[in-house]
Amino acid sequence: MDNIGQVTLTTFMFFGREIDINMVNISMTWFVMGLLILFGYLSSRRLKQIPSTFQNICEILFEFVKDLTYGTLGKKDGKRFLPFIFTIFIFVLAANWIGIVPNFLKFFGSVIALAHAGIGGAATVTLESWNQINISPAVGAWYEFLFNVPSLVEPTRSVNTDLALALMVFIAVHVNSVVKKGPLEYLKQYWGDVMPCHGFWLLLAPINIMIPLNIIGEVSSVVSHSFRLFGNIFGGFMIVTIVSSLVSHLLIPVGLLAFFGLFAGIVQAFVFTMLAITYIGQKA
């Protein structure tokens with residue numbers, strides 16, 4: 001409980017300066033990307049006219065994001081941005097869900113150990129108090145590995161990952177806006193409607209209060225986009241950790257994991273993706 005939110009940093013020297021990096025977050029990010037590469041390979045290597053269950057799930061997921069993108073951006077822009085939007089959605093979803101995998105494996109291991117103990121096996125079940133049950137597998141049992149699965153940290157629990165994702169969206173939004181509108185029309189949108197944006201009025205640009213306000217508004221959208229995801233994922237982790245430490249039996253922690261892990265994970269992936277699509281549509 002005392003280590004909640006604590007981050008382990010690795011320090012190294014770069015041109016005489018100390019740089020701290022979170023190796024756990026970096027390794028988990030690459031782990032999630034590796035899983036997604038494997039997922040993409042398995043989902044596309046044997047496509048069939050009559051899809052299998054796995055292919056059906058992949059197609060439903062893709063069509064869901066496609067409908068969102070096309071419905072907001074239109075068919076032309078939607079087709080251009082669909083790979084980018086789908087990549088963001090599937091990465092955020094996988095990053096949100098990766099942390100609950102060890103917990104569910106340990107839960108299934110506990111259920112198997114309970115059944116094993118119930119039929120007279122060597123698994124042990126000790127009632128410490130009314131709210132805590134200690135379950136230990138039999139030594140050498142085939143399911144013992146389920147209790148030893150290492151914990152996995154959600155990359156989206158780090159604000160650095162969320163900020164990087166928001167910055168990617170920010171760059172895509174403004175590059176697309178410059179390409180479609182042209183540099184001059186793009187810059188005019190920061191002028192506002194207080195003063196005309198042509199002729200003599202351009203000389204008054206340095207005193208136009210709308211320019212810094214609009215720039216601040218654009219920067220704040222990056223902050224709000226990233227902190228919304230960070231706050232929800234980290235907050236869910238905090239609730240699950242605190243309640244699980246207070247009530248250490250099977251039902252409540254697993255119920256919380258199902259809500260904050262599965263349900264909140266997919267909702268936050270949807271919200272983050274939908275905001276990205278909306279920002280692109282607003283500036284197009």
Side-chain angles (χ1 to χ4, degrees), residues 29 32-33 36-37 40 44 59 61-96 155-156 158-233 267-284:
T29 300
V32 170
M33 290 191 293
L36 291 179
I37 292 172
S44 60
E59 290 180 359
L61 196 61
F62 180 78
E63 289 296 326
F64 170 71
V65 179
K66 180 181 177 181
D67 290 343
L68 288 177
T69 307
Y70 280 30
T72 304
L73 301 180
K75 187 174 181 180
K76 183 179 179 181
D77 286 343
K79 187 175 182 179
R80 289 172 52 230
F81 279 100
L82 181 58
F84 176 68
I85 296 298
F86 183 73
T87 301
I88 288 178
F89 175 78
I90 200 71
F91 174 80
V92 174
L93 181 63
N96 290 348
T156 46
S158 170
V159 70
N160 297 317
T161 300
D162 303 330
L163 187 58
L165 290 170
L167 283 172
M168 286 174 53
V169 174
F170 178 83
I171 293 171
V173 166
H174 289 275
V175 169
N176 179 62
S177 183
V178 171
V179 170
K180 293 195 68 175
K181 296 180 179 180
L184 185 59
E185 288 297 321
Y186 169 78
L187 292 174
K188 282 183 179 180
Q189 67 186 349
Y190 292 96
W191 186 271
D193 299 325
V194 178
M195 299 178 185
C197 190
H198 56 80
F200 169 79
W201 293 101
L202 290 174
L203 298 176
L204 301 179
I207 63 171
N208 186 350
I209 190 61
M210 297 305 298
I211 294 176
L213 290 178
N214 285 328
I215 293 175
I216 292 172
E218 294 297 335
V219 174
S220 65
S221 68
V222 178
V223 177
S224 64
H225 198 190
S226 58
F227 271 79
R228 182 182 288 106
L229 177 61
F230 165 71
N232 282 283
I233 299 303
V267 167
Q268 293 310 315
F270 167 77
V271 170
F272 191 91
T273 305
M274 198 64 223
L275 285 173
I277 298 172
T278 303
Y279 289 155
I280 294 172
Q282 286 177 343
K283 294 294 180 181

query: Should the pair Phe227 and Phe230 be assigned to parallel (<30°), tilted (30 to 60°) or perpendicular (>60°) ring geometry?
result: perpendicular

message: Lys66: which residues meet the salt bridge (charged side-chain N to carboxylate O under 4.0 Å, His left out) condition with it, sequence neighbours left out?
response: none

message: Taking salt bridge (charged side-chain N to carboxylate O under 4.0 Å, His left out) as the definition, give me every residue that meets it alongside Glu185, ordered by chain and number, with sequence neighbours left out.
response: Lys188

- prompt: Who are the side chain to side chain contact (heavy atoms under 4.5 Å, CB included) partners of Val179, not counting sequence neighbours?
  reply: Val175

field: Option passing side chain to side chain contact (heavy atoms under 4.5 Å, CB included) with Ser226 (candidates Asn160, Leu167, Asp162, Thr156)
entry: Asp162

statement: Only residue of Val173, Val178, Thr278 satisfying side chain to side chain contact (heavy atoms under 4.5 Å, CB included) with Lys283 is Val173

Donor-acceptor pairs are to be reported for all side-chain atoms of residues 270-277 against protein atoms at under 3.5 Å, with residues two or more places apart or in another chain.
{"from": "Thr273", "atom 1": "OG1", "to": "Ala269", "atom 2": "O", "distance (Å)": "2.7"}

Looking at every non-hydrogen atom in both residues, tell me the closest pair between [X] and [Y] and how far apart they are.
X	Y	answer
Ala95	Val32	N-CG1, 4.1 Å
Tyr279	Ser224	OH-OG, 4.1 Å
Gly217	Ser220	O-OG, 2.8 Å

message: Checking Lys181 now: which residues fulfil side-chain hydrogen bond (donor to acceptor under 3.5 Å, both in side chains) with it, not counting sequence neighbours?
response: Gln189

message: My understanding is that only residues two or more places apart in sequence, or in another chain, count here; which of them pass side-chain hydrogen bond (donor to acceptor under 3.5 Å, both in side chains) with Asn176?
response: Arg80

task: Mind running side-chain contact (heavy atoms from CB on, under 4.5 Å) on Leu165 and Val169 for me, showing each step along the way?
output: CA-CA 6 Å; Leu165 290 170; Val169 174; 5.8 Å; no

- prompt: Which is it for Phe84 and Ile88 under the side-chain contact (heavy atoms from CB on, under 4.5 Å) test, yes or no, and what are the steps along the way?
  reply: CA-CA 6 Å; Phe84 176 68; Ile88 288 178; 3.4 Å; yes

- request: Answer yes or no: is there a side-chain heavy-atom contact under 4.5 Å between Asp77 and Lys180?
  value: yes

